Amino acid sequence: MAKTQAVRGMNDVLPSETPIWQHLEECFARVVKSFGYSEIRFPVLEQTQLFKRSIGEVTDIVEKEMYSFEDRNGDNLSLRPEGTAGCVRAADQHGLLYNQQQRLWYQGAMFRHERPQKGRYRQFQQFGVETYGMAGPGIDVELMQLSSALWQELGINSHVRLELNNIGDAQERGEYTQALRKFFIDHKSGLDSEALRRLETNPLRILDSKNPSLQSILDKAPLLADFVSDKSKDHFDELLSLLDVAEIDYVINPKLVRGLDYYNSCVFEWVTDALGAQGTVCGGGRYDGLVEQLGGKSTFAAGFAMGAERLVLLLEELTNLRDQLSKRADVFILVRDEDCIGAAQALAKNLRFHLPSRSVVIHYGGGKVSSQLKGAIAAGAQFACILESEQLKDSSSLRLRKLDDVGESTDCFIADVPDKLIKCLL
RNA sequence: GUGACUGUAGCUCAGCUGGUAGAGCCCUGGACUGUGACUCCGGUGGUCGCGGGUUCGAACCCCGUCAGUCACCCCA
């Protein structure tokens with residue numbers, strides 16, 4: 001019988017990769033704490049209706065990417081395809097949004113049934129940040145500063161760039177979409193099949209076309225900027241000047257349109273060229289209408305989410321963190337004779353007590369001392385304690401070997417080992 | 001969801017026009033001294049992704065299926 005394998009698009013994170021994940025999680029937690037954000041946790045499963053109402057009925061995500069099913073009660077549930085909807089639901093349900101400001105963060109698995117590719121999986125981890133109750137562009141910029149601080153912390157700031165756009169509110173975008181549709185219908189003869197398809201589904205996307213023969217038409221198309229209200233424009237202009245003060249570089253990308261309906265005003269993405277087609281590492285923006293749309297009180301809101309897998313890929317590609325973090329042991333205890341195991345365990349206990357931040361590993365399973373030494377070096381240990389039955393009985397001592405290029409070794413009373421190692425390792 | 005390419009030992013890969021499998025690394029034993037990185041010799045390990053078909057005979061050809069990669073699409 002064939003071995004069972006992981007479900008398509010779900011991937012395992014192996015021990016060689018988990019240190020990078022832990023590093024990423026620690027950095028994120030540190031940055032978010034330094035900005036005064038609080039963690040919120042909410043379920044992986046929600047009513048399907050929640051996602052339909054927030055993300056939008058006709059978006060790709062709800063139309064063809066959700067893991068939806070009926071549970072035993074006949075309720076239609078879905079695995080969350082993103083975090084914002086669940087966060088709003090949880091925060092509003094518990095009164096966190098009533099006449100107050102909130103700065104929240106979360107971390108967790110999201111699910112989308114897409115064709116898997118590197119940097120795009122059906123289960124993927126997101127780190128997200130959501131803020132509520134703040135109207136001005138200051139909070140938008142804070143989100144960008146926060147993400148920027150994380151890139152700094154991770155050492156990838158020179159490999160990502162900030163792109164942003166002002167997409168107006170839902171009504172303005174609706175008017176623009178209508179005008180755009182009308183424009184393209186008038187120029188239907190010049191469109192290719194892909195553009196004709198998008199004319200029905202999402203006319204905004206025609207602007208993205210890479211077909212050079214469409215360029216002359218596209219150049220004449222109406223501009224979103226002309227449909228955006230003055231209020232929205234002022235917000236955006238103010239935001240740009242704050243970004244300048246904050247010394248964060250950005251590119252305005254007029255084609256940047258996010259795939260979720262709830263966004264309005266300023267949206268942004270951090271993108272990289274190092275990951276091929278999956279270049280978006282972080283995306284977000286304002287969604288002032290969503291809380292009310294989901295039955296709450298009208299509340300200003302802005303947030304972003306970043307894809308952990310993509311960040312891990314970036315870190316693996318651009319840094320040598322993997323090697324730096326690969327150490328599994330500081331002290332390795334080798335046993336030449338099986339009857340030394342009790343003494344080895346007693347020594348390990350003592351060392352762990354005296355060196356609580358260090359890792360102490362005992363070799364089990366016998367084998368030559370030379371191959372045990374190899375294992376100790378492979379684990380990154382700096383010291384090996386070699387226990388030998390005879391020496392142990394005769395003098396309560398062991399051989400302490402330094403695992404550097406020189407490899408000098410000395411005899412040492414067991415009772416003195418902690419002191420010696422404390423001197424070297426603390 | 002569409003298209004292209006790939007799938008052989010734990011890992012990286014050979015395997016010519018079909019004749020039932022190989023290398024390097026890793027692991028392990030020995031030369032070697034009871035204690036590491038070099039050298040040499042030996043050993044473990046594969047129903048060639050899975051299922052059909054063609055053939056006297058399939059890792060190789062055909063069909064299906066699963067998975068991965070890349071692009072489209074979409075997004076984190």
Side-chain angles (χ1 to χ4, degrees), chain A residues 1-11 14 16 55 59-65 80-84 107-128 147 160 193-194 197-198 201-202 204-205 208-211 256-260 263 267 269-272 275-284 303-314 332 334-337 363 365-379 381 383-391 398-411:
Chain A
M1 178 157 133
K3 284 187 198 172
T4 56
Q5 49 189 355
V7 173
R8 181 141 139 113
M10 316 275 153
N11 54 356
L14 303 178
S16 58
I55 297 167
T59 55
D60 279 13
I61 293 178
V62 317
E63 265 187 346
K64 47 196 187 200
E65 294 175 2
R80 60 185 182 194
E82 58 103 42
T84 303
Q107 169 190 358
M110 309 295 160
F111 302 83
R112 305 226 280 241
H113 192 107
E114 296 179 274
R115 181 103 161 218
Q117 207 172 311
K118 191 202 283 186
R120 188 171 81 181
Y121 310 102
R122 290 182 175 178
Q123 176 180 334
F124 57 100
Q125 290 282 325
Q126 279 190 344
F127 297 111
S147 38
V160 292
S193 60
E194 185 59 31
R197 189 181 65 77
R198 285 170 171 170
T201 58
N202 191 350
L204 291 173
R205 286 283 166 199
D208 279 344
S209 175
K210 283 152 195 151
N211 187 342
L256 180 58
V257 186
R258 316 228 68 244
L260 296 83
Y263 284 113
V267 296
E269 284 185 2
W270 288 91
V271 294
T272 177
L275 292 181
Q278 261 56 55
T280 303
V281 133
C282 173
F304 69 72
M306 33 203 209
E309 283 80 2
R310 290 179 187 179
L311 290 173
V312 168
L313 285 171
L314 263 189
F332 227 100
L334 314 187
V335 285
R336 266 235 357 240
D337 309 297
H363 176 93
K368 297 190 300 184
V369 172
S370 65
S371 63
Q372 292 189 34
L373 272 170
K374 266 199 209 168
I377 291 158
F383 288 94
C385 299
I386 304 162
L387 286 167
E388 179 189 338
S389 191
E390 217 173 294
Q391 185 184 8
L398 51 69
R399 198 83 175 147
L400 183 63
R401 189 176 176 93
K402 204 165 181 207
L403 299 176
D404 55 12
D405 291 342
V406 183
E408 83 178 304
S409 60
T410 51
D411 286 319

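Treat the numbers as computed from the prediction; the structure is a model and nothing was measured. Values below: every heavy atom of this structure, side chains too, minus hydrogens, waters and symmetry copies. Note on naming: letters A, B, ... go to the chains in the order of the sequence lines (proteins, then strands), and numbering restarts at 1 for each one.
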Spacing of the [atom1] atoms in [M] and [N] (rounded, Å):
N     : M     : atom1 : result
B:U8  : B:A67 : C1'   : 16 Å
B:G10 : B:G46 : C1'   : 12 Å
B:G22 : B:C16 : C1'   : 14 Å
B:G19 : B:U65 : C1'   : 28 Å
B:A59 : B:A9  : P     : 14 Å
B:A23 : B:U17 : P     : 22 Å
B:G18 : B:U28 : P     : 42 Å
B:U47 : B:C40 : P     : 31 Å

Rounded to whole Å, how long is the line connecting atom [atom1] of [X] with atom [atom2] of [N]?
X      : N     : atom1 : atom2 : answer
A:Y263 : B:C74 : OH    : P     : 16 Å
A:K64  : B:G1  : NZ    : P     : 11 Å
A:R401 : B:A37 : CZ    : C1'   : 11 Å
A:E82  : B:C75 : CD    : P     : 12 Å
A:I377 : B:G36 : CD1   : P     : 9 Å
A:L275 : B:A76 : CG    : C1'   : 11 Å
A:I55  : B:C75 : CD1   : P     : 11 Å
A:I61  : B:A76 : CD1   : C1'   : 9 Å

Dump the pairs, protein N or O against N or O of nucleotides 6-10 of chain B, anything under 3.5 Å, distances to one decimal.
none

Does a side-chain N or O of A:Q117 approach OP1 or OP2 of B:A71 to a distance below 4.0 Å, or not?
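Yes, within the criterion.
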
All N/O pairs under 3.5 Å across the protein-nucleotides 65-68 of chain B interface:
unit_1 : atom_1 : unit_2 : atom_2 : d
B:C66  : O2'    : A:Q5   : NE2    : 2.9
B:G68  : OP1    : A:G9   : N      : 3.3
B:G68  : OP2    : A:R8   : NH1    : 2.9

Would you confirm whether [X], through its side chain, and [Y], through its main-chain N or O, come within 3.5 Å as a donor-acceptor pair?
X      : Y      : result
A:R336 : A:K368 : no
A:Q126 : A:M110 : no
A:R310 : A:G119 : yes

Partners meeting side chain to side chain donor-acceptor pair (under 3.5 Å) with [X] (sequence neighbours left out):
X      : value
A:D411 : A:Q391, A:R399
A:E63  : none
A:E269 : A:R258, A:T280

Under 3.5 Å, is there an N or O donor on one side and an acceptor on the other linking the side chain of [X] and the base of [N]?
X      : N     : value
A:R120 : B:C70 : no
A:R112 : B:A76 : yes
A:Q278 : B:A71 : no

Need to verify one output field. Residue with the more 5' nearest nucleotide on RNA chain B, A:K368 or A:D404?
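Its nearest nucleotide lies further toward 5', so the answer is A:K368.
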
Map A:G367 and A:E309 onto RNA chain B by nearest heavy atom, then report which one ends up closer to the 5' terminus.
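The residue whose closest nucleotide sits nearer the 5' end is A:G367.
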
Could you pull out the closest heavy-atom pair between A:F124 and A:F111, with the gap in Å?
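Closest heavy-atom pair between A:F124 and A:F111: CE2-N, 4.2 Å.
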
Does A:K374 have any salt bridge (charged side-chain N to carboxylate O under 4.0 Å, His left out) partners at least two apart in sequence or in another chain, and if so, which?
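With sequence neighbours excluded, A:K374 shows a salt bridge (charged side-chain N to carboxylate O under 4.0 Å, His left out) to no residue whatsoever.
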
What's touching nucleotides 24-27 of chain B from the protein side, N or O pairs under 3.5 Å?
none

My understanding is that only residues two or more places apart in sequence, or in another chain, count here; which of them pass side chain to side chain contact (heavy atoms under 4.5 Å, CB included) with [X]?
X      : answer
A:E114 : A:E65, A:R112, A:R120
A:I377 : A:L403
A:D337 : A:D339, A:C340, A:E388, A:S389

Using the test ring-ring contact (aromatic ring centres under 6.0 Å, His included), find all partners of A:F304 that sit at least two apart in sequence or belong to another chain.
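Result, ring-ring contact (aromatic ring centres under 6.0 Å, His included) vs A:F304: none returned.
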
Name the pairs: protein N/O against N/O of nucleotides 40-42 of chain B, kept only if under 3.5 Å.
none

Side-chain heavy atoms of A:L314 within contact of A:V160, under 4.5 Å:
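Yes, close enough: below the 4.5 Å cut-off.
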
Do A:E82 and A:I55 touch side chain to side chain, with heavy atoms closer than 4.5 Å?
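Side chain of A:E82 against side chain of A:I55, heavy atoms only: contact under 4.5 Å found.
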
